Amino acid sequence: MVLNRVGPLSAGKLMAVLYALFGLLIGALMTLMAVMGGGGSDPAAADAMGALGPLMGVGAIVILPIVWGCLGFIGGLIGAFLYNIAAKIGGGVDLDL
């Protein structure tokens with residue numbers, strides 16, 4: 001079987017979900033680092049940050065999946081579009097199902 005065409009919208013949706021999950025993982029790691037205070041950071045800088053560090057960490061767990069999901073959707077659309085053009089010119093990818 002030969003894969004001749006990829007649906008750009010379906011590829012975009014799939015990539016959005018995958019990238020949002022990856023963004024959630026990165027956001028969780030950033031939250032953990034922010035709550036811990038950055039590990040061995042300067043005490044004067046930690047005092048200046050106050051509650052801003054943990055707040056930014058919690059914001060990261062909300063904002064990053066949304067941003068990464070949007071970027072994944074756009075990347076999936078563009079990637080599927082480019083694949084479809086390349087498949088017309090050079091043939092599709094052989095699949096063994």
Side-chain angles (χ1 to χ4, degrees):
M1 302 182 91
V2 177
L3 179 62
N4 292 320
R5 185 178 182 285
V6 174
L9 190 58
S10 64
K13 289 189 288 188
L14 178 67
M15 293 304 289
V17 170
L18 291 175
Y19 273 62
L21 290 173
F22 190 66
L24 183 64
L25 176 67
I26 297 297
L29 291 174
M30 288 181 68
T31 300
L32 181 63
M33 290 176 62
V35 168
M36 293 177 64
S41 65
D42 182 24
D47 289 340
M49 287 294 285
L52 190 59
L55 182 63
M56 288 175 59
V58 173
I61 209 165
V62 174
I63 298 297
L64 280 178
I66 293 170
V67 170
W68 281 62
C70 291
L71 292 175
F73 180 77
I74 293 167
L77 280 174
I78 293 170
F81 175 75
L82 292 175
Y83 175 83
N84 291 336
I85 292 172
K88 284 181 184 178
I89 294 169
V93 174
D94 288 330
L95 298 175
D96 187 17
L97 300 176

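This structure is a prediction, so every number in the text was calculated from the model and none was measured.
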Only pairs under 3.5 Å count here: list side-chain donor-acceptor contacts from residues 85-97, not counting sequence neighbours, and write none if there are none.
none

Atom pairs and distances, side-chain donor-acceptor, residues 3-30, under 3.5 Å, sequence neighbours left out:
{"from": "S10", "atom 1": "OG", "to": "G7", "atom 2": "O", "distance (Å)": "2.9"}

Indicate every side-chain donor-acceptor pair of residues 56-66 with a distance under 3.5 Å to a residue at least two apart or in another chain.
none

Exercise. So which pairs with a foot in residues 72-97 pass ring pair (Phe, Tyr, Trp, His ring centres under 6.0 Å), sequence neighbours left out?
Worked result: none
